[in-house]
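What you see is a predicted model; the values in this text were computed from it and never measured. As a basis for the values below, the full set of heavy atoms in this structure was taken, side chains included, without hydrogen atoms, waters or symmetry mates.
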Amino acid sequence: MLSMIRVRFAVVLVACGLLAAAATAADLPVYAQDANATRAQVPDVYKWDLTPLFPTAAAWETARAGLQREIGGLAAFRGRLSDPRALRDCLALYFSLHDRVSHVQQYANLALDTALTDETAQARSQRGLALLDELTAASGFIRAEALALDAAALKKAYAAKDGPAAYRSYLDNLGRRRDRVLDPQAERVLQLAGDNLWAEIDLNEITSSVEESFQALLSDIAWPVVHDAEGKEVQLTLSNYSRFRLSPDRAVRAEAVGAFLATLRQFQHVFAATLGGQCELDVMYARARGYDTALEAYLDKDGLPVAVHDNLIAAVNANLAPLHRYMELRRKALGLEDLRLHDLYVPMVAAAGKEVPFADALTILPRALAPLGARYVADLETGLDPRHGWLDLYPSDDKESGAFSASVYGRHPYVKMNYQDGLDDLSTLAHEYGHALHSSLSMAHQPYHSSRYVPFLAEIASTCNEALLTDYLAAHAADPQERAALLVEELEGIRTTIYRQTLFSEFERRVHGFVESGTPVTASLMDETYRDLVQRYYGPGYTLGADDGLEWAYIPHFYYKYYVYSYATGLSCGIAIAEKVKTEGQPAVDGYLSMLQGGCSEPPLDLLKKAGVDLTRPDAIEAALGKFDRGVTELAKLLGIEL
């Protein structure tokens with residue numbers, strides 16, 4: 001039983017060879033992470049280095065102003081794109097501008113992410129986004145004129161000596177949505193309204209004014225003071241909320257989760273207005289271009305059929321029984337009469353909650369990802385070394401919560417963490433470096449215009465890394481107790497990434513559906529909708545709290561335009577690819593790396609098939625959930641619990 005399991009996680013670390021990690025990290029300053037620390041208190045080496053983008057804010061402003069002038073140069077090509085050479089030269093200028101505007105925008109966004117309440121940073125971010133809007137407006141004629149060329153004209157243009165053959169994949173992808181382009185005046189109105197369905201940048205990098213209001217609300221909320229396990233008062237923040245959920249003291253985590261949700265409740269109508277407003281924008285953009293639903297529009301942007309989303313929802317809903325078994329196992333393992341939201345993240349086995357300092361992560365991750373090859377590992381080690389400037393590692397009081405990776409063409413990727421020395425932080429680090437190396441490989445093998453992989457592929461490299469990490473740690477478990485601890489982490493990964501993100505995606509689809517059907521979107525309707533989904537997913541043995549239906553309110557991913565489903569499909573693919581890499585060896589590695597190097601040079605389903613996975617079928621999802629089911633059975637046996 002759980003009460004008899006007291007695992008010394010240090011055994012796992014020694015088995016993984018972490019004595020070498022101390023030497024690797026010897027030149028790094030010792031720092032005790034603190035979510036309430038100011039940014040100035042965090043050693044500079046643990047902050048990302050933005051100077052490869054721009055050496056100073058003044059240099060950024062000079063570049064922004066210069067680009068603002070250069071954008072006007074596109075007008076010289078208006079009305080001339082039927083000429084192959086003019087089309088080539090126009091596209092060359094456009095992508096050069098787009099690349100450099102991306103540098104401007106990313107610098108501003110990254111700087112703001114670590115200084116949320118800095119009004120200068122806020123203004124810089126807004127100016128960066130405005131520059132992108134200017135480029136989008138100035139380049140609108142390119143799409144219209146390129147799409148006016150019929151197949152015969154394009155074939156002739158590609159064959160021309162000085163024609164646009166280098167941009168064929170881009171032009172062919174434009175042609176796929178030829179019937180979604182409106183007349184010039186309508187296109188101008190949509191551009192002014194912030195239309196993003198033709199945006200050539202990751203949509204989660206394009207914030208609407210509604211999303212900015214949501215972000216401002218979150219940053220301005222005065223979170224309450226709660227108590228730690230010693231009874232000391234601690235300021236609750238977005239950054240340390242996840243740590244309180246992990247507390248083995250149920251009273252501590254119950255107070256923190258209850259206080260957090262109660263605070264959100266005070267602003268429920270504002271949150272409902274912002275999320276409802278974002279969905280209204282999404283639906284408006286979709287309907288303007290003749291789509292029946294926002295889901296259809298945003299999947300079609302990446303060349304995906306709605307059937308991929310339908311397949312995910314159906315496959316997960318057909319496999320909820322293993323999740324219900326897991327919830328019952330969690331309740332019994334924790335010795336609880338009822339299982340609530342504040343019980344979902346506390347480790348079921350003591351070792352799963354032990355600390356993994358960053359110095360240890362420097363050794364674990366390269367060894368865990370060794371099956372992907374020496375070059376992959378070398379790039380990983382470069383990016384993990386904080387002295388190389390990729391990484392913003394630790395939390396601080398004005399830094400946004402969560403983690404992400406951002407790519408800037410021609411520069412190294414950037415990785416944001418809020419690392420707090422947990423095993424979950426190690427997993428997140430592996431996840432984000434999957435993104436980073438996907439971007440790095442794509443940028444190294446593709447020109448700018450075909451280097452950006454679509455969201456559908458975005459979560460595969462990240463989750464493949466997580467799967468390989470889990471397998472590596474399990475292989476080095478010295479006894480059944482350690483195996484149980486690591487199995488908990490694996491099951492939690494599948495619960496939170498496949499089951500929970502699919503739940504999120506169903507919620508997102510329903511809220512958009514309310515807008516599409518003309519149903520008023522209110523806080524109470526979203527509360528009820530979210531509660532119903534949670535109860536169905538987690539089963540009859542799960543007890544909902546009074547404010548649990550408001551958990552949706554602080555989730556930023558609902559503003560990312562149908563992004564969350566890709567976490568679930570991504571992990572399913574990641575598990576499948578990790579298995580292939582382990583069992584098939586180099587041929588599977590080569591196929592997988594070919595997918596990562598492909599960017600958006602081919603349709604996403606075709607790129608994925610290079611890695612040996614077909615998501616038009618439920619096989620990968622069902623296999624992942626079958627692995628979850630077997631894991632629940634094994635964990636119950638290890639813990640001596642009958643289900």
Side-chain angles (χ1 to χ4, degrees), residues 31 33-35 37 39 42 46-50 106 109-116 202 204-205 215 218-219 237-246 345 355-358 360-362 364-365 368-369 380 383-386 388-408 412-440 455 458-467 469-470 489 492-493 496-497 500-501 504 554-560 563-564 566-568 570-571 574:
Y31 176 69
Q33 58 80 22
D34 179 3
R39 184 149 179 87
V42 179
Y46 297 123
K47 303 171 188 175
W48 48 33
D49 179 12
L50 301 185
Q106 286 285 30
N109 288 349
L110 293 171
L112 176 61
D113 206 78
T114 58
L116 291 175
D202 292 346
N204 55 8
E205 296 175 14
Q215 293 171 341
L218 273 184
S219 65
T237 68
L238 284 170
S239 292
N240 67 16
Y241 172 61
S242 62
R243 296 296 290 174
F244 278 102
R245 292 189 309 187
L246 292 169
Y345 298 92
E355 292 190 349
V356 186
F358 178 68
D360 295 344
L362 288 173
I364 294 176
L365 287 186
L369 302 183
L380 172 69
L384 277 175
D385 187 337
H388 292 146
W390 294 31
L391 181 61
D392 204 273
L393 183 60
Y394 291 116
S396 53
D397 61 351
D398 205 24
K399 181 178 179 179
E400 188 178 44
S401 62
F404 65 68
S405 171
S407 61
V408 186
H412 60 67
Y414 286 90
V415 175
K416 187 194 82 172
M417 291 289 299
N418 277 280
Y419 200 90
Q420 298 185 62
D421 297 344
L423 192 55
D424 57 328
D425 294 302
L426 174 64
S427 181
T428 300
L429 193 67
H431 180 104
E432 296 306 334
Y433 273 87
H435 288 307
L437 293 186
H438 189 174
S439 296
S440 183
E459 296 301 334
I460 294 174
S462 56
T463 53
C464 181
N465 276 12
E466 288 186 77
L469 172 64
T470 299
E489 290 299 312
E492 273 296 283
T496 57
T497 305
R500 188 170 186 246
Q501 298 300 329
F504 281 177
Y554 81 103
I555 306 295
H557 296 75
F558 290 137
Y559 295 81
Y560 293 177
Y563 186 87
V564 292
S566 65
Y567 287 113
L571 179 56

query: Shortest non-hydrogen contact from Ser405 to Pro413?
result: OG-CB, 4.4 Å
query: Can Thr114 and Arg39 be said to form a side chain to side chain contact (heavy atoms under 4.5 Å, CB included), step by step?
result: CA-CA 8 Å; Thr114 58; Arg39 184 149 179 87; 3.6 Å; yes
task: Kindly compute the distance separating OG1 (Thr463) from CG (Leu571), expressed to the nearest 0.5 Å.
output: 5.0 Å
message: Could you check whether any side-chain heavy atom of Leu384 comes within less than 4.5 Å of a side-chain heavy atom of Tyr433, counting everything from C-beta outward?
response: yes
- request: Take Tyr419 and Val356 through the side chain to side chain contact (heavy atoms under 4.5 Å, CB included) test and state the conclusion after the steps.
  value: CA-CA 10 Å; Tyr419 200 90; Val356 186; 4.1 Å; yes
- prompt: Is the shortest heavy-atom distance from the side chain of Leu391 to the side chain of Phe358 under 4.5 Å?
  reply: yes
message: Nearest 0.5 Å, please: how far is CG in Asn418 from CD in Glu400?
response: 9.0 Å
message: To check you understand the geometry: which heavy-atom pair defines the closest contact between Ala436 and Trp390, and what is its length?
response: CB-CZ3, 4.2 Å
field: Considering all heavy atoms, the nearest Ala361-Leu429 contact
entry: CB-CD2, 3.9 Å
field: Side-chain heavy atoms of Leu426 within contact of Ile364, under 4.5 Å
entry: yes
- request: For residues Ser401 and Tyr241, determine if any side-chain heavy atom of one lies less than 4.5 Å from a side-chain heavy atom of the other.
  value: no
message: Under a 4.0 Å threshold between the charged nitrogen and the carboxylate oxygen, would Glu432 count as salt-bridged to Lys416?
response: no
- prompt: Do Asp424 and Ser427 have a side chain donor and acceptor closer than 3.5 Å?
  reply: no
message: Going by side-chain contact (heavy atoms from CB on, under 4.5 Å), name the residues that satisfy it together with Asp49, two or more places apart in sequence or in a different chain.
response: Thr51, Pro52
field: Stepwise side chain to side chain contact (heavy atoms under 4.5 Å, CB included) test for Leu380 and Leu365
entry: CA-CA 8 Å; Leu380 172 69; Leu365 287 186; 4.3 Å; yes
statement: Hits for ring-ring contact (aromatic ring centres under 6.0 Å, His included) against Tyr46, two or more places apart or cross-chain, chain-then-number order -> Tyr394
task: Dump the intermediate steps for side chain to side chain contact (heavy atoms under 4.5 Å, CB included) on His435 and Glu459, then the final yes or no.
output: CA-CA 7 Å; His435 288 307; Glu459 296 301 334; 3.1 Å; yes
- request: Please test Tyr567 against Tyr563 for ring pair (Phe, Tyr, Trp, His ring centres under 6.0 Å), starting from the C-alpha separation and ending with a verdict.
  value: CA-CA 8 Å; Tyr567 287 113; Tyr563 186 87; 5.4 Å; yes
message: I'd like to know if Lys399 and Asp392 make a salt bridge, using a cut-off of under 4.0 Å between side-chain N and carboxylate O.
response: yes
- line: For Val42 and Pro395, the nearest pair of non-hydrogen atoms, with its separation, is CG2-O, 4.1 Å
field: Sub-4.5 Å side-chain heavy-atom contact between Thr496 and Tyr345
entry: yes
query: According to the interplanar angle, ranging from 0 to 90°, do the rings of His412 and Tyr414 count as parallel (below 30°), tilted (30 to 60°) or perpendicular (above 60°)?
result: tilted
- request: State, with a plain yes or no, whether a side-chain heavy atom of Met417 is found less than 4.5 Å away from one of Thr428.
  value: yes
message: Donor-acceptor check, side chain of Asn465 to backbone of Ala430, threshold 3.5 angstrom: yes or no?
response: yes
- prompt: Could you give the distance from OG (Ser566) to NE2 (His557), rounded to the nearest 0.5 Å?
  reply: 9.0 Å
field: Pairwise distance CG(Asp425) to OG(Ser242) - rounded to 0.5 angstrom
entry: 7.0 Å
task: Please round to the nearest 0.5 Å and tell me the distance separating atom CG of Leu238 and atom OG of Ser219.
output: 9.0 Å
- request: Mind checking the CG-CD spacing from Asp421 to Gln33? Nearest 0.5 Å is all I need.
  value: 5.0 Å
field: Side-chain donor or acceptor of Glu466 paired with backbone N/O of Gly574 under 3.5 Å
entry: no
query: Listed by chain and number, what are the ring-ring contact (aromatic ring centres under 6.0 Å, His included) partners of His388, not counting sequence neighbours?
result: none
- request: Could you tell me which non-hydrogen atom of Ser239 sits nearest to which non-hydrogen atom of Gln420, and how far apart they are?
  value: O-NE2, 3.1 Å
message: In terms of relative ring orientation, are Phe404 and Trp48 parallel, tilted or perpendicular, with 30° and 60° separating the classes?
response: tilted
